[in-house]
There are 2 protein chains.
Amino acid sequence: MENLPAHFDSVFTVDCIIFGFDEGELKILLIERNEEPFKGWFALPGYFVEHTEAIENAAKRILYESTGLKDIHMEQFYTFGALGRHPHGRVITVAYYALIRLTGQKEVKPITNFAKQAVWMNVKDIPQLAFDHSRIFRKGFEKIRNKISYQPIAFELLPEKFTLTQLQNLYEVILNKKLDKRNFRKKMLSYDILKELDEKQKGVSYRAAKLYKFDKRKYAKNFQKELSFGK
Amino acid sequence: MENLPAHFDSVFTVDCIIFGFDEGELKILLIERNEEPFKGWFALPGYFVEHTEAIENAAKRILYESTGLKDIHMEQFYTFGALGRHPHGRVITVAYYALIRLTGQKEVKPITNFAKQAVWMNVKDIPQLAFDHSRIFRKGFEKIRNKISYQPIAFELLPEKFTLTQLQNLYEVILNKKLDKRNFRKKMLSYDILKELDEKQKGVSYRAAKLYKFDKRKYAKNFQKELSFGK
DNA sequence: ACAAAAGTGTTTGCCGTACACCCATGA
DNA sequence: TCATGGGTGTACGGCAAACACTTTTGT
């Protein structure tokens, strides 16, 4: 959306909502724009789709340029093409989301030159965003909130080894409600998609919890069915 | 997708899956193409998005041009932008579906000049379609199949007044499975979104069934919740 | 010994499912 | 009177929901 000719016809872009889970908070990656329009505003990472590039690849490229991460599953969720959504002309944007694991390197170095900085921001504190990105964010957040209830996407946000409490916290943050500990554990374990490890949490000043892994193999076997998290 | 310059850059189109329910069969509207590429093939109704036109409006325009129908709710469900999906160059298409009421006028007169004819075709008999339209159709069909389980979209396909058996047939066709009559009625009535009319079916050679209407008002009141149809 | 979170079962009510016969109507 | 679909109730099982105390560990 930078270096635009003064006048242009239709242009495609991809915008990405990149979710991460860190210190009990669900966050998304935002760019602080360093150019007009919306200079100084926060925006979703996004960029043009090249003429020789499949949309899906553009989304992956943008994720890579924003975070340095590769091989992350991205999901397209909506295409925004209202007139006037970009002040310079007709821009249609295909929106994707990704769920990533923020273990260790929380450092994000945007390669995108038009951004002053990239920051992880708690989904509860998102300010007004550039363009129609607030709307895009709301729609994407709604999608994952909906999806987490019947698909095991939560694991993509957690470190490989996690405790049941961490998993529950993540569900609570995404669904924005408290869950009952006993019911949550009972149900989650009943799905039989977790592998209990012979290992415990370390470095906590209270009773250490067991660690679990998501077991892809079990999941594939057991599930044509769905998960479900009501209360 | 006609009258293209030999070479062109990115182009947007909209493609529509227009569902109708008629004589107990779920059908979609297809165009028989009269021009290359894919001359003689069936395709989803679709066309270019004008530079000065919101995508949503393009979808509505195409529906109007294909069926003469206005004010139909259309829902965007996916954007297809693989390289090579159109043999002449880069074409990205935003796909919509619509559910329409085929009461009375089943006649469809396509205004689109590039089509030889438009036909309603049973979703069970769809042949190989032009471009990647088979894939688009499958994805769209999956969406409504999924959606009908928790949203009252079935009513958009039925005449204003309908019997419970007609409604059940429609669910059965979309979900592609038999439902139990007593359970279906019990559950449907329990949602309290139907208005029972003082009127019966006419012209049948057996006991006439009561007619019902979908009651939007009740629906809006009662539903933050969801519908649900398993078996 | 205290603080903090881990871990664990039972009861209740509702909802989904299975299942079969009589009724009303027109031909 | 027959054929065709319309219309109806009950019993069972399983799952979601509510709910509180003991255990472990580090400080």
Side-chain angles (χ1 to χ4, degrees), chain A residues 23-25 148-150 158-159 161-173 175-213 222-231, chain B residues 23-25 148-150 158-159 161-173 175-213 222-231:
Chain A
E23 296 173 15
E25 295 181 345
I148 199 181
S149 308
Y150 60 92
L158 289 172
K161 302 172 182 183
F162 51 85
T163 69
L164 289 177
T165 301
Q166 285 165 356
L167 182 58
Q168 183 179 340
N169 284 343
L170 176 53
Y171 270 88
E172 289 178 343
V173 172
L175 297 176
N176 196 30
K177 60 179 167 185
K178 282 274 166 210
L179 301 175
D180 179 86
K181 183 158 63 156
R182 278 171 294 188
N183 291 338
F184 180 84
R185 285 163 181 243
K186 198 188 330 166
K187 194 193 265 183
M188 185 55 79
L189 292 174
S190 79
Y191 289 136
D192 192 30
I193 57 176
L194 297 183
K195 180 172 185 175
E196 186 179 334
L197 302 176
D198 271 338
E199 221 177 318
K200 298 203 166 180
Q201 229 178 355
K202 277 176 186 158
V204 291
S205 67
Y206 47 81
R207 176 175 179 181
K210 274 185 210 156
L211 290 172
Y212 291 81
K213 274 174 113 158
N222 299 347
F223 279 75
Q224 267 47 326
K225 346 172 207 169
E226 295 181 335
L227 309 178
S228 149
F229 284 86
K231 137 115 199 182
Chain B
E23 298 174 14
E25 295 180 346
I148 199 181
S149 308
Y150 58 93
L158 290 172
K161 302 173 182 181
F162 51 85
T163 68
L164 289 177
T165 300
Q166 285 164 357
L167 182 59
Q168 184 179 339
N169 285 344
L170 176 53
Y171 270 87
E172 289 178 340
V173 172
L175 297 176
N176 196 29
K177 60 179 168 185
K178 283 271 164 213
L179 301 174
D180 179 87
K181 183 160 61 158
R182 277 171 294 189
N183 291 338
F184 180 83
R185 285 163 183 244
K186 198 191 329 168
K187 195 193 266 182
M188 185 55 78
L189 292 174
S190 80
Y191 289 135
D192 192 30
I193 57 179
L194 297 185
K195 181 171 186 175
E196 187 180 334
L197 302 176
D198 270 339
E199 218 176 321
K200 298 203 165 180
Q201 227 178 355
K202 278 175 186 161
V204 291
S205 69
Y206 46 81
R207 177 176 177 180
K210 274 184 208 155
L211 291 171
Y212 291 81
K213 274 173 115 160
N222 298 347
F223 279 76
Q224 270 44 325
K225 346 175 208 168
E226 296 181 335
L227 310 177
S228 150
F229 285 87
K231 137 113 199 183

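Convention: sequence-line order gives letters A, B, ...; per-chain numbering from 1. Side chains are part of it too, since the values below use all heavy atoms of this structure and drop only hydrogens, waters and symmetry mates.
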Asker: Given atom NZ of A:K210 and atom P of C:dG7, what is their separation to the nearest angstrom?
Answerer: 6 Å

Asker: Could I get the full list of side chain to side chain donor-acceptor pair (under 3.5 Å) partners for A:K186, not counting sequence neighbours?
Answerer: A:N183

Asker: Please report the distance, rounded to the nearest Å, between CG in A:L189 and P in C:dG7.
Answerer: 10 Å

Asker: Who are the side chain to side chain donor-acceptor pair (under 3.5 Å) partners of B:Q168, not counting sequence neighbours?
Answerer: B:E172

Asker: Measure the distance from NZ on B:K202 to C1' on C:dA24 and round it to the nearest whole Å.
Answerer: 17 Å

Asker: Classify A:T165 by what it touches in the nucleic acid, base, sugar-phosphate, or nothing, heavy-atom distance under 4.0 Å.
Answerer: sugar-phosphate

Asker: Applying ring-ring contact (aromatic ring centres under 6.0 Å, His included), name anything that partners B:F162, two or more places apart in sequence or on another chain.
Answerer: B:F155

Asker: Extract from the structure each pairing of a protein N or O with an N or O of nucleotides 9-12 of chain C at less than 3.5 Å, listing the distance.
Answerer:
from	atom 1	to	atom 2	distance (Å)
C:dT10	O4	A:K186	NZ	3.0

Asker: If I take atom CZ in residue A:F184 and atom P in nucleotide C:dT8, what distance separates them, rounded to the nearest angstrom?
Answerer: 15 Å

Asker: Produce a footprint string for nucleotides 22-27 of chain D: one letter per nucleotide, 5' end first; B if the base is under 4.0 Å from any protein heavy atom, S if only the sugar-phosphate is, - if neither.
Answerer: -BBBSS

Asker: Check the distance between D:dT8's C1' and B:M188's CE and give it to me in whole angstrom.
Answerer: 17 Å

Asker: Please report the interatomic distance CG(A:N169) to OG1(A:T163), rounded to the nearest 0.5 Å.
Answerer: 7.5 Å

Asker: For B:K181, what residues pass the salt bridge (Lys or Arg N to Asp or Glu O under 4.0 Å) criterion, not counting sequence neighbours?
Answerer: none

Asker: Hey, what bend do you get for the helix from C:dA1-D:dT27 to C:dA27-D:dT1 if you fit axes on five pairs at each end, rounded to 10°?
Answerer: 0°

Asker: For A:E196, run the salt bridge (charged side-chain N to carboxylate O under 4.0 Å, His left out) check against A:K210, A:R185, A:K213 and tell me which one passes.
Answerer: A:K210

Asker: List the residues meeting side-chain contact (heavy atoms from CB on, under 4.5 Å) with A:N176, not counting sequence neighbours, and say none if there are none.
Answerer: A:K124

Asker: Atom CZ of B:R185 to atom P of D:dG5: distance rounded to whole Å?
Answerer: 13 Å

Asker: Taking side chain as C-beta onward, heavy atoms only, is B:L189 less than 4.5 Å from B:Y212?
Answerer: yes

Asker: Output the rounded distance in Å from NZ (B:K181) to C1' (D:dT8).
Answerer: 9 Å

Asker: Can you measure A:K187 atom NZ to D:dA18 atom C1' for me and round it to whole angstrom units?
Answerer: 14 Å

Asker: Test of understanding: with salt bridge (Lys or Arg N to Asp or Glu O under 4.0 Å), list the residues that count as partners of B:K195, not counting sequence neighbours.
Answerer: none

Asker: Taking all heavy atoms of B:V173 and all of B:G24, pick out the closest pair and write down the distance.
Answerer: CG2-O, 3.6 Å

Asker: Indicate every side-chain donor-acceptor pair of residues 198-209 of chain B with a distance under 3.5 Å to a residue at least two apart or in another chain.
Answerer:
from	atom 1	to	atom 2	distance (Å)
B:E199	OE1	B:K161	NZ	3.0
B:E199	OE2	B:K161	NZ	3.3
B:Q201	OE1	B:A209	N	3.0

